[in-house]
Amino acid sequence: MAEPFNEAERKTLTPFFTNLDAPVFGLKLPQEISGALFSRYSRSTKSLRRTFLDEFLGDPGLGLKELLAGQSTTNDESAALQKARAFYDRVLIGYGDDSVAQLGGAHIACEEISNVAAKIIEDARIGIAPLEKSTRYVRFDQKDEGGNYLFYREPKIMTSPHREAYIQIMNLLFETYSRQMEPIMESIRKTLPIEDVDLRHPQTGAPMRYRDAEKDERLKKWAGSAYRSTVRAHACDVLRGYLPAATLTNVGLYGVGQAFEYLVTKLYSHELTEAKSLAAAMHRELNQLIPSFVKRARFSDYLASTHAAVRSLASKVVKRKPVRSAGPVTLVDYDRQAEERIIAAILYPHSRQPLEELRKLVGKMGAPKRKQLLAVYLKRRSNRRDKPGRAFEHVYYTFDILGNLGLYRDLHRHRMLTQERQDFTTIHGYDTPQEIIEAGFKPDFARCMEKAAGLYEKIYRDLPTEAQYVVPFAYKIRWYMKMNLREAVFIGELRSMPQGHADYRRIVQEMWKKIRWLSC
């Protein structure tokens, strides 16, 4: 039933809601007002639109009518805005800040930050949605107005005896990347002629070959453009191994207030200068967008001192020399009763028994019946967007992975799991792309990698954390990923597609082989 509003009320409410009659509607309000409204709404018998009309617009002391109608300014000096934010602060205190702080958010762009800083930002998993400048579709051979390559000049390194060597090696890596771009693209064109490229019709999405496009001039032009983009992306994939972690990138992110508050606190408490500077910059901008949400963001002695204490102790009990891995992917642990757990979880919402009883039932069940239940649960999936059900969240796998920094950047994007990395380093060696070898650039590649490793070792002795900026993407790093089977299916299907980078495809294929081996 439509909520009864008189004509005057409807006229007042219309600018602030997507509709006034349906039970589902959207809000067209500033973030802080929306959050405050929801928080009050959760403790009221009134509808949300009635709460807004009676308690927000109806409070002349807040000046919200003038503020929301645009009759007063919306800068930080606005009396109406100050009153609105003061009201929101009271609501936060009165109704519980943690849940309410999830009800508003902001978009922030962080430009010209290093890949080291980008990874720290993207470590935030819940409540933050980042999107980073691609190393596949964007060439990194640009220079600034002063003719300098775009890499982060880390302050401690730049004021140390390593300054000149740092600049020299960074320039060498970028110069080599730039110089080899055209030759690598030419080499790719020879090994991957346009006739052999799998194309998709721009309108229908159907598979096609270049010879089909030649019949239509517009289609032929499109196919040529698609081919050039494919060659460029492939070349960027090959050459990204030269790029150091200091490479400047751009990251756009949307986050809710609660997540931003913790992210800024974490950045303030980080040992890297860049992270602290980024915290102050983000905090300044968030104070203009959602100030009430980030008021408590500040340096945390708990985070900083705990990190320092554990690092100090670890240096005494763990040898720096790396332990050799049997391969790039090691399955560390897994659920040995995976099948029973999954099938019991499949049955659970359709039964009345406790989960423990269902697991006992499945334990006594014969193999044919188990197979039938799994088939019914899964056989109707037609593509990877048909997600397996939550039953697959009952079993977990932990993988220890050794792979190059480039592929790590791609797998790091997955947030519905637990992962932790070790510092970027050169001690595990590096990967040389086959295309580099075929183009005759292996000696150049090896020389650049060795020079970067030599500089890394020198800086590490004085500035171990800052030494990470020197590490090229080709070098291997170690990290773990702990995920349930539902996320493993998602990653396995998405990151094994032919369009993906060969490096991460090999990693996820190996992960999936180890999962399959357990069921054999």
Side-chain angles (χ1 to χ4, degrees), residues 111-116 118-119 122 130-144 149-152 170-194 196-200 223-252 403-413 424 430-442 444-446 448-449 452 471-477 494-507:
E111 299 188 350
E112 299 181 357
I113 64 173
S114 75
N115 270 261
V116 175
K119 295 311 110 188
E122 292 165 5
L131 195 61
E132 184 180 350
K133 183 178 179 180
S134 172
T135 56
R136 163 171 277 193
Y137 301 109
V138 180
R139 290 173 56 160
F140 281 76
D141 52 358
Q142 306 94 344
K143 295 182 178 181
D144 63 20
Y149 284 113
L150 304 179
F151 61 87
Y152 183 65
M170 294 295 102
N171 282 332
L172 173 65
L173 292 169
F174 278 96
E175 285 166 0
T176 310
Y177 173 97
S178 304
R179 185 176 67 252
Q180 292 182 3
M181 181 62 74
E182 293 302 327
I184 287 291
M185 285 198 292
E186 182 57 33
S187 177
I188 291 170
R189 282 190 283 266
K190 290 178 181 178
T191 58
L192 184 67
I194 192 170
D196 293 343
V197 175
D198 289 325
L199 299 169
R200 295 277 175 175
S225 176
Y227 174 70
R228 289 190 294 274
S229 296
T230 299
V231 169
R232 183 175 63 251
H234 194 164
C236 288
D237 277 348
V238 170
L239 292 172
R240 76 177 183 180
Y242 284 111
L243 298 175
T247 301
L248 296 183
T249 188
N250 301 330
V251 179
N404 65 64
L405 177 51
L407 75 86
Y408 168 74
R409 294 172 70 260
D410 294 307
L411 296 184
H412 181 239
R413 298 175 189 172
F424 302 155
Y430 59 88
D431 291 329
T432 305
Q434 185 61 33
E435 295 86 346
I436 290 284
I437 298 172
E438 293 171 354
F441 292 134
K442 184 178 180 180
D444 284 349
F445 192 81
C448 286
M449 296 301 111
V471 180
F473 285 9
Y475 271 96
K476 298 175 185 177
I477 68 164
L494 176 65
R495 296 301 184 184
S496 62
M497 296 173 67
Q499 299 93 328
H501 196 292
D503 286 349
Y504 68 64
R505 290 178 65 203
R506 281 192 289 268
I507 293 293

Nearest-0.5 Å distance, CE of residue Met185 to CZ of residue Arg139:
4.5 Å
Quick one, Ile507 with Arg495, criterion side-chain contact (heavy atoms from CB on, under 4.5 Å). Give me CA distance, side-chain angles, the key distance, then yes/no.
CA-CA 9 Å; Ile507 293 293; Arg495 296 301 184 184; over 6 Å; no
Measure across Ala235 and Ile188 and return the closest heavy-atom pair with its distance rounded to 0.1 Å.
N-CD1, 3.5 Å
Would you indicate whether the side-chain heavy atoms of Arg189 and Glu186 approach each other to under 4.5 Å?
yes
Which atom names give the shortest non-hydrogen contact between Arg505 and Ser496, and what distance separates them?
NE-O, 3.4 Å
Just verifying a value: how many Å separate Asn250 CG and Leu131 CG, rounded to the nearest 0.5 Å?
11.0 Å
When every non-hydrogen atom of Val251 is compared with those of Pro130, the smallest separation belongs to CG1-CB, 4.1 Å
What I'd like to find out is whether the side chain of Ile477 reaches to under 4.5 Å of the side chain of Phe424, using heavy atoms alone.
yes
Side-chain polar contacts of residues 430-437 - donor-acceptor pairs under 3.5 angstrom, sequence neighbours left out - could you list them?
| unit_1 | atom_1 | unit_2 | atom_2 | d |
| --- | --- | --- | --- | --- |
| Asp431 | OD2 | Asn404 | ND2 | 3.0 |
| Glu435 | OE2 | His234 | NE2 | 3.0 |

Inter-residue atom distance Arg409.CZ - His412.NE2, 0.5 Å rounding:
10.5 Å
Leu192 CG: over 12 foreign heavy atoms closer than 6.0 Å
yes
Show your reasoning for whether side-chain contact (heavy atoms from CB on, under 4.5 Å) applies to Leu243 and Phe151.
CA-CA 9 Å; Leu243 298 175; Phe151 61 87; over 6 Å; no
What one should report as the nearest heavy-atom pair of Thr176 and Cys448 is OG1-SG, 3.4 Å
For Arg228, which residues count as a salt bridge (charged side-chain N to carboxylate O under 4.0 Å, His left out) partner, sequence neighbours excluded?
none
Among all residues two or more places apart in sequence or in another chain, which pass the side-chain hydrogen bond (donor to acceptor under 3.5 Å, both in side chains) test with Ser114?
Glu274
Grab the two heavy atoms, one from Ala452 and one from Pro472, that are nearest each other, plus how far apart they are.
CB-CG, 3.7 Å
Whether the side chain of Thr230 engages the backbone of Ala226 through a donor-acceptor N/O pair (distance < 3.5 Å, no angle test) should be reported.
yes
Mind checking whether His501 and Leu407 have side chains closer than 4.5 Å, heavy atoms only?
no
Contact check, side chains of Leu248 and Ile113, non-hydrogen atoms, under 4.5 Å
no
Please list, chain by chain and in numerical order, all residues satisfying ring-ring contact (aromatic ring centres under 6.0 Å, His included) with Phe473, sequence neighbours excluded.
none
CA sep, side-chain torsions, deciding dist, call: Cys236, Val138, side-chain contact (heavy atoms from CB on, under 4.5 Å):
CA-CA 8 Å; Cys236 288; Val138 180; over 6 Å; no
What heavy-atom pair brings Ala118 and Glu132 nearest, and what distance separates the two atoms?
CB-OE2, 4.0 Å
Roughly how far, to the nearest 0.5 Å, is the OH atom of Tyr149 from the OH atom of Tyr177?
11.0 Å
Nearest 0.5 Å please: distance from the CG atom of Leu150 over to the OH atom of Tyr152.
14.5 Å
Sequence neighbours left out, what passes salt bridge (charged side-chain N to carboxylate O under 4.0 Å, His left out) with Asp410? Give chain and number order.
Arg240, Arg413
cation_pi(Lys133, Phe140) dist<6.0 Å, angle<=45:
yes
Across all chains, not counting sequence neighbours, the side-chain contact (heavy atoms from CB on, under 4.5 Å) partners of Asp444 are Arg179, Gln180, Tyr242, Phe441, Arg447
Supply the atom-to-atom distance Arg232 CZ to Asp237 CG, rounded to the nearest 0.5 angstrom.
12.0 Å
